[in-house]
Structure formats: C-alpha cells, structure tokens
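When a residue number appears, it is its place in the shown sequence, counting from 1. Predicted model only: the values in this text are computed from it and were never measured.
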Amino acid sequence: MSADEALANRHAIPRYAVDSSTIKSIGYDVGVCVVEFVNGNLYAYPMNVEDFEAFAWAESKGRWFNTMIRGKFAGEKLTGKCSQCGSEPEVLAVPCPECGGVVRQVDKVHKEAK
C-alpha cells in the first residue's frame with residue numbers, strides 16, 4: 001500500500017488490541033498510526049515506523065501517547081456522530097447503520113490539547 005492509499009483508507013488500517021486503560025487498539029501503515037481509544041473514538045496521526053514501533057513496544061501505551069503524541073501531532077478524528085440520528089461513534093464517510101445511508105459529519109483535523 002502506498003502512502004496515499006494508507007491516508008485514503010486510514011479507517012481500514014488493521015489494528016491490534018493493546019493492554020491499556022485508555023487505548024483499545026493501535027495500527028500502522030505507511031506513515032499513518034491509527035489509535036482507537038476505549039471510548040470508541042478513532043484517530044489517525046502522521047508517524048514514522050520507528051516511532052510506531054516505540055509506541056507498540058512501550059510498557060505503558062497511555063503514558064507514551066501522552067508524552068510523545070498528545071499536543072505534538074495533529075490527529076485526524078475518524079469517528080463521529082450521524083448528522084441525522086446522532087448515533088456514535090461510527091467511522092466518518094460510512095453509511096449509518098441506524099437510519100440508513102446518512103453520511104457522517106466531517107470532523108476535519110483535531111489537535112489534542114495538552
């Protein structure tokens with residue numbers, strides 16, 4: 001997969017579960033790290049493979065995220081509410097399973113606050 005394909009399909013990047021009280025799963029493909037939080041929200045962050053490997057091997061994923069990513073990288077939120085029925089969290093640009101065919105509201109770039 002090319003970097004452009006990884007960016008276009010970032011919601012579909014395979015993730016694996018991690019042992020963390022705040023992070024449910026993480027995944028990586030060509031410059032894009034995807035983090036799923038335990039609250040169901042999914043974010044994509046620009047990241048090189050070396051940094052992702054450090055994240056993946058970190059003893060505390062939450063601590064590593066808070067130290068190395070939060071407030072330093074602009075993350076793109078990939079989940080949001082349905083504009084018609086309000087169900088959440090669902091992947092942006094995917095038809096709503098609750099009310100049928102409604103596309104998610106777009107939440108462009110979200111930067112985590114310190």
(message) I need the Ile26 CD1 to Phe55 CZ distance, nearest 0.5 Å.
(response) 5.0 Å
(request) Can you measure from OG (Ser20) to CZ (Arg63) and round to the nearest 0.5 angstrom? (result) 10.5 Å
(request) Give a yes or no on whether Ile69 and Trp57 share a hydrophobic cluster (residues Ile, Leu, Val, Met, Phe, Trp, Tyr; joining criterion: side-chain heavy atoms under 4.5 Å apart). (result) no
(message) Is there a continuous path of hydrophobic side-chain contacts, each under 4.5 Å between heavy atoms, that joins Val38 to Trp64?
(response) no
(message) So does Met47 get a backbone contact from the side chain of Tyr28, meaning a donor-acceptor N/O pair under 3.5 Å?
(response) yes
(message) Could you check whether any side-chain N or O of Lys61 sits under 3.5 Å from a backbone N or O of Lys24, counting only pairs where one atom can act as donor and the other as acceptor?
(response) no
(request) Would you mind telling me which of Val34, Val30, Leu42, Leu78 makes a side-chain contact (heavy atoms from CB on, under 4.5 Å) with Ile13? (result) Val34
(message) One pair to check against side chain to side chain contact (heavy atoms under 4.5 Å, CB included): Tyr45 and Asp51. What are the steps and the verdict?
(response) CA-CA 11 Å; Tyr45 297 91; Asp51 286 340; over 6 Å; no
(message) To check you understand the geometry: which heavy-atom pair defines the closest contact between Gly27 and Phe52, and what is its length?
(response) O-CE1, 3.5 Å
(request) Output, in order, the C-alpha distance, side-chain angles, deciding distance and verdict of ring-ring contact (aromatic ring centres under 6.0 Å, His included) for Phe65 and Phe37. (result) CA-CA 11 Å; Phe65 178 86; Phe37 294 91; 5.3 Å; yes
